[in-house]
Amino acid sequence: MPEIDRARKALAAARRVVALTGAGVSAESGVPTFRGEGGLWRNFRAEELATPEAFARDPRLVWEWYDWRRQKIAPLPPNPGHHALAAMERRFGEFLLVTQNVDGLHRAAGSAKLAELHGNIWFTRCTKEGTLRENRAVPLSPLPPRCSCGALLRPHIVWFGEALDPGVLQSAVDACRAADVVIVAGTSSVVYPAAGLAALAKEAGAFVIEINIEETPASGMVDVHLSGRSGELLPGLLE
Ligand code: BJW
């Protein structure tokens, strides 16, 4: 049986479904990925921009980078991959979309059962009070922005070396442990703890489907690897 049919068959029999997404799912909307050709880390050094140390050293530089990314993402629409995942939420009895993406495009496509593991670029967090506020201003001015309490605001993003929100991570772990099918789409599967979720699900008995334009460290353990673009393959899974 062709791989896509094996994946469709598993999904057709599933009640509890989890989708785990990465930057590749937003690539067809025009959002740059992190690794690989054209990826952000080809032109920017992660440790100079995406660490708490970088922010402590030069908050303005870090904010300029995020402001540039916000300006790039703001006009971009969700693509058919995002829409297919929103449709899955309506189709399956239990569904959780676990995303590493911070661009907000899943929400824009209508997904509501969403665990944003690495935060959201459209929210700021007060470095003193921890208060979260949605802020869609593009460009942001002045940089770096400040809270009404006077403290610096930071992007609501999980940087390297920082812990993920324990509640958000636990919801992802619980859903993966209980899932009948897990779809891992558009992620290089190298950043932990997100990269460990597919193996966790597999060990707990889930059927794991990977969608990617290339092989990843997870490809050897999944039940089906579908090679291609998520904007084409995710809608194809529902046919
Ligand atoms: C397509 C496509 C198309 C393209 N269709 N596919 C265990 C082992 C080793 C290291 C660690 C470990 N545990 C923790 C670590 C350290 C670290 C880590 O994992 N490092 C590794 C890189 C080595 N992890 C952390 O630091 C995490 N924190 C943590 O563990 O804390 C522990 C702690 C506990 C208690 C107290 C204190 C600490 C935090 C990780 C945060 C990651 N943050 C980033 C940056 C955010 C900045 C920002 O957005 O501004 O999140 S890193 C960056 O990578 C971003 C992404 O969410 C993340 C994942 O990338 P993703 O989504 O997979 O994208 P790419 O670009 O890598 O891949 C795209 C894929 O799409 C490719 O495969 C393409 O082929 C594919 N593709 N087009 C389908 N059309």
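Whatever order the structure lists them in is the order used to number ligands and atoms, beginning at 1.
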Would you mind telling me if ligand 1 is within reach of the side chain of [X], the backbone, both or neither, using heavy atoms under 4.0 Å?
X	result
R35	both
L49	neither
Q100	both
N212	both
E162	backbone
V102	side chain

| request: Number the atoms of ligand 1 from 1 as they appear, then name those within less than 4.0 Å of a heavy atom of V190, with their elements. | output: 19 (O), 21 (C), 22 (C)
| message | With heavy-atom distances below 4.0 Å as the criterion, list the atoms of ligand 1 near A27. | response | 78 (N)
Any N or O on [X] sitting closer than 3.5 Å to an N or O of ligand 1?
X	answer
G161	yes
W159	no
I157	no
W41	no
R229	no
F34	yes
P193	no
N101	no

| Main-chain N/O of K113 paired to E89 side chain as donor or acceptor, under 3.5 Å | yes
| message | Counting only heavy atoms, tell me which of P52, G22, A23, G24 gets closest to atom 77 (N) of ligand 1. | response | G24
| atom 16 (C) of ligand 1 touched by protein (heavy atom, under 4.0 Å) | no
| Any protein heavy atom nearer than 4.0 Å to atom 10 (C) of ligand 1 | no
| request: Answer yes or no for R154 and W159: cation-pi contact, defined as NZ/CZ to six-membered ring centre under 6.0 Å and angle to ring axis within 45°. | output: yes
| note | Rounded to the nearest 0.5 angstrom, the CZ-CG distance for R133 and N135 is 10.0 Å
